[in-house]
Structures are given as C-alpha cells and as structure tokens.
There are 2 protein chains.
Amino acid sequence: MENSKIARIRSFNRAVTRRVGALEESYLSRGRPLSEARLLFEIGRQGAALGALRQRLGLDSGYLSRMLRSLEAQGLVSVGAQDDDARARYAKLTESGHAELAAYDALADDQAQSLLMPLSPAAQDRLVAAMAEVERLMAAAAVTIVEEDPDSADANQCLDLYVTEVASRFTDGFDTAKGSTASGDEFTRPRGAFLLARLDGNPVGCGAVRLLDARTAEIKRMWVSPQARGMGLAMRMLHRLEEIARDLGAHTVCLDTNRALTEAQSLYERQGYEEVARFNDNPYADRWYSKRL
Amino acid sequence: MENSKIARIRSFNRAVTRRVGALEESYLSRGRPLSEARLLFEIGRQGAALGALRQRLGLDSGYLSRMLRSLEAQGLVSVGAQDDDARARYAKLTESGHAELAAYDALADDQAQSLLMPLSPAAQDRLVAAMAEVERLMAAAAVTIVEEDPDSADANQCLDLYVTEVASRFTDGFDTAKGSTASGDEFTRPRGAFLLARLDGNPVGCGAVRLLDARTAEIKRMWVSPQARGMGLAMRMLHRLEEIARDLGAHTVCLDTNRALTEAQSLYERQGYEEVARFNDNPYADRWYSKRL
DNA sequence: TCCATTGCCTGACTTTAGTCAGATAACTAG
DNA sequence: CTAGTTATCTGACTAAAGTCAGGCAATGGA
C-alpha cells in the first residue's frame, strides 16, 4: 500500500534527522559557526574555486566572501588568484586549516563509530549494507530525465561513452561511421527526440527516438552509465521514449540490438517487446524487436 | 574493515542530510520560521505540556514562550492551564492550527511521494525495507545499558513485564512467590548489580547478576522488550553482566533457564555457556548453564 | 506559615545566517 | 579600443535563532 510506504519514509526521515542534528551539533563544539565549518569541509584538502564553492553551498557571493575573510583571520584558509582568470580566486587550506579539517573529520568519525560500536559485527554489516541500499535508491530517485538537444555537450559526452562501451563489448569492434551515428534533426522534434538522464547535474544516461514513418518510431542510443545501473533507470528511460513515440503519432515502436547486450534484451522482453524480422541494415544488429503502443 | 564502515556511514549521512535539508526547506514555503513549524509539529494533534515541549525541542523557556505567543497571535494555538498544577501550562492546536498542521503533513507526504514516484514498485519496496532496517539498527545502537537501582520504578516496570511474559510462555504458569523474586540488596553492590536498557529514556530491557559465593556469580532476570528484539541487545546485556561478575570477583557465571525460552538457550550456547547439573531448586528451571570467565 | 523551588513570562541582548545594492578589476566579443 | 559581462568584495541591512537575568505566581516540604 502506498500510504504505508510514505509513513515508513517519514518515520525514517524523523529518525535520521535526529542523528544528523546531533552530528551538526557536535561540529559546533569547535567554537565556530556551522556555516564556516561547512565551508571548511567544502574547500577540502585540494582547495576549491570560489565560484564552485558558491554553487555547491548555495551561498550569496557577499556572504561567502565574508566567511572566507573570517577563516583567513583565523589562519585556516588562504585565498589566492587563479592562473587562468585573474578575476576568479581559489581558496586553499593553510597548514592549520588542514589540522582543523582533520579535527572535524575526527568528530564525524567518532560519531559514526559511536553508531557502530554498540552493534555486533553482524548487525554492523547489516546496517552498513542497508545504508548503502538507501543511499543508492535515493540517488536513483534523484535522477531526472529531460528532453535535450542531441548536439549539446552533455549529450555528446553520453553518446561517446555509449560508443566506447558498445565498441568494447562487440567482439569485432564498432565503427562509428558504419553504425549510423545519425545526427542533424533526426532526433529532434518533430521527427524525434533525445532524452538525457542526470544525477546532480551530471549526465548518467541517454536515449533517443525517431520516426521511421508516420506510424512507426525507432528507439536508439539507449545507454545508462555503469554507476547508475541496477536502479531501473533503463526502464524509466524506455517508458519515457515510448511516451514520446506515442506523442509523435507512432502506433508501433521498434528497435535493434546486439546479442552481446544481454541486459538490454531482457529489458525489452520484460517490457513486452517481441522479436521480429530484420527491418534495417545495421551491420551491428542481430536482433530486432517491436512493440505495439 | 572498520574504516570502510565508517566511510559508508559518513557517505550515508551526507546523502541523507541533503534530503532532510530539502524537506525542511519545503516547510518554509508556508511563510513561517522553521522553529515555529517544528513547534507546531511537536504540539501535535493531542497538544503537549510546555515543559515537555521545552525538553523535546531543547528550547529556552523564554524562547518557547515567545514562539507560543506568536502562534497564538496567528490563531493556531491556545495555551491553557493544566488541571493538576496551576503553574504548568498546556498547549493545544486550535481548529486552524489543526488545518495548518495538516498542510505541513501534506508537504511532508508530497516529499516522501516524490522520493517513491521515480522508482519501480520493486525498487520502492527495497527502499522502504532498507529504510526500516536502518531505522531499526540505529535505534538498536541508541540503546544504553546502565547500572540502576533494582527497586526503581523503571526497573519494576521491566521486571513486571518480564514476569508477565514468562508466565504466558510457561505451560503451567508462573507464580511470583515460588519464582524467587528475590530483592533487597541481592542485586546491588557489593553482592550484585542490576542493569537497565533504555531507548530514548524508556526502559526496554533488564538483567541482573548476584554472587552465589565469592567465586561464582549467577545471572538472572534477563529480559528484552519485544519491540527491541533481534537487535543483539540480549547479547550486549549478557556481556555487560559478565563484565560485572568479573568485577565482583567471580571466576564462573551460571544461570538457569526454561526449555520454553528457546532464544535464551541458543544465546547462552552461542556465548560459550555449557549445560551443567541442577545447581538450585528453582521450580521453573529445567536447564542449568555455566561458563568460566 | 515560611521559604526554596518550579514553571512560565518579559525585556534586553547577541550571534548566526542571509540579502541587496553598489564598486572594482579583469575579461571578452565585436 | 570599447562596451558589456563576470568574479569578487564591501557596506548596510534584515530575519531567525538563541541566551540571560529578573519577575511573578503556584507549589511543596519543613
């Protein structure tokens, strides 16, 4: 039942909020406002550009500037110019900044330790495994899938990764030229569409659809980054592409695949695709599927 | 490896902090400071005594008073006297207070919903199960075990529950008089000790140890509340009792149990206890165990 | 009955967090 | 070279969150 799931999530939120609250409270023990401690964390061992800090922490530039002044006054941080752009500046930890960060790290480690210590090793393992599962599935839920220009930088990044992976899995390689890396307006409205999946802004998957004729759409370029696999993302992508195909007027979707891509095949079959005869001359395809919408 | 567990926990904390932050942010959409929203939540459907509110939220009494004035001015809360003590006061939601709380509830439900929606039903179930596991194990880790007066109110509450449960599980009942509900200074230093386990202040288990002679200690009254079972609490309790036995000078601990209490037996055997001959005349015991410390 | 304690309230205060409007210097496209 | 843009900084401001000291009435134990 939906409702009991929601109740569980809310109960989880409550339980976890308390823990997190206690952790943040413990940071205050070093006599510095929380926002400064957070900033110290975010600058980190390798330092960070101010722009990046502002974005990651969602800070007003004036506010950030003032906090950096304060950390500089405490001798924890030094802010210097960046090589490539003399306007931009780069914050680094000083030696005592590193020590201070280490102290905060120790606090966080203690906190984590105190969560583990009372548990038996078996229970510790269960806790850690469950935490990993929660984190993983929360990340999966945070993935957004949006229509995007297939020529954008992020789209190209995904497509490159897709090609690289396919090439490595096909026994006799993959030649971009032969593999119909069609572009232009094939995958843009009104003839098609291109979807990009992002996690925290970073592309983690893509998929495309185009009309072959007024009633038939073809799905292509489905790819999910290895880190994002096993979270049902491919299925979400496929559903969204089918939705778009319907929207474009198609009554049927088809696609081709290669026997080396086993997960893909089982996904298609689970989603109601049926094997059909060869409908194109893609030299890298050896299975063809189709589904009525 | 310990370190990787700590790293996992810290990664989990980071991931979850963000989610929680987003949830709290959403509460601001009702144009009221977060602390007032929290107070509204804490007053809840049945209302709450001001003292309890102060304690649960960790508020200064002046601050609480002011916030209540503000919520009263908004027509959400009414604060009245308490029957038993005219100094103490009790906060209740008004009708529009209930409506406002419902609106906050809806926000939290939406947030939870948005976490579920992108996931397939199977993934939703996995997420919810993992959350339950995390919550459960975090609760287990939050249980504290402390030495306490065996005559305290909380101790008696636990002992009563223990007796009730044992009575219900023994086929021929359990008579307190016969069952040697020994008290007095048997379970206090220097002859013994009594341990109470608490979760969030509420007693969830107990255990006692006493010296039979200078070198032999007996463990008695081990009990864990049903809600707190399966978290390794009994094992922790047993270890603490053995530690105390050692501290009292014992070289051997012994205990008796009943064949109806199967989990107890398997715990003792797992912890290195060996069955020995009857060493007392407890009419409810039919197994006797002993372990060298 | 007295007096220390408890529970709450009020006023005055501080710190933290964050916003807004310029100012300045460096960069970039034309 | 110029005009517009970008990255940061400064000063002035506000709201939220929290602290502290004193006050008053009710309570409870001696």
OP1 or OP2 of [N] under 4.0 Å from side-chain N/O of [X]:
X	N	answer
B:Arg89	C:dC9	yes
B:Ser65	C:dC8	no
A:Arg69	D:dT10	yes

Which sits closer to the 5' end of DNA chain D, A:Asp60 or A:Asp85, going by the nucleotide each is nearest to?
->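 Mapping each residue to its closest nucleotide by heavy atoms, the 5'-most match is A:Asp85.
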
Can you tell me if A:Gln74 and A:Ser70 form a side-chain donor-acceptor pair at under 3.5 Å?
->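 Present: a donor and an acceptor within the cut-off.
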
Taking the inter-plane angle between the rings of B:Tyr27 and B:Tyr104 on a 0 to 90° scale, is it parallel (under 30°), tilted (30 to 60°) or perpendicular (over 60°)?
->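 Rings of B:Tyr27 and B:Tyr104: perpendicular, as their planes differ by over 60°.
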
Send over the distance from [X] [atom1] to [N] [atom2], rounded to a whole Å.
X	N	atom1	atom2	value
A:Tyr63	D:dC13	OH	C1'	15 Å
A:Tyr27	C:dT16	OH	C1'	19 Å
B:Asp84	C:dC8	CG	P	11 Å
A:Glu24	C:dT16	CD	P	15 Å
B:Leu57	D:dT19	CG	P	13 Å
B:Glu72	C:dT10	CD	P	9 Å
B:Arg66	C:dA12	CZ	P	10 Å

Does a side-chain N-to-carboxylate-O contact under 4.0 Å join B:Arg66 and B:Asp60?
->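 Not counted as a salt bridge, because no side-chain N and carboxylate O are separated by less than 4.0 Å.
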
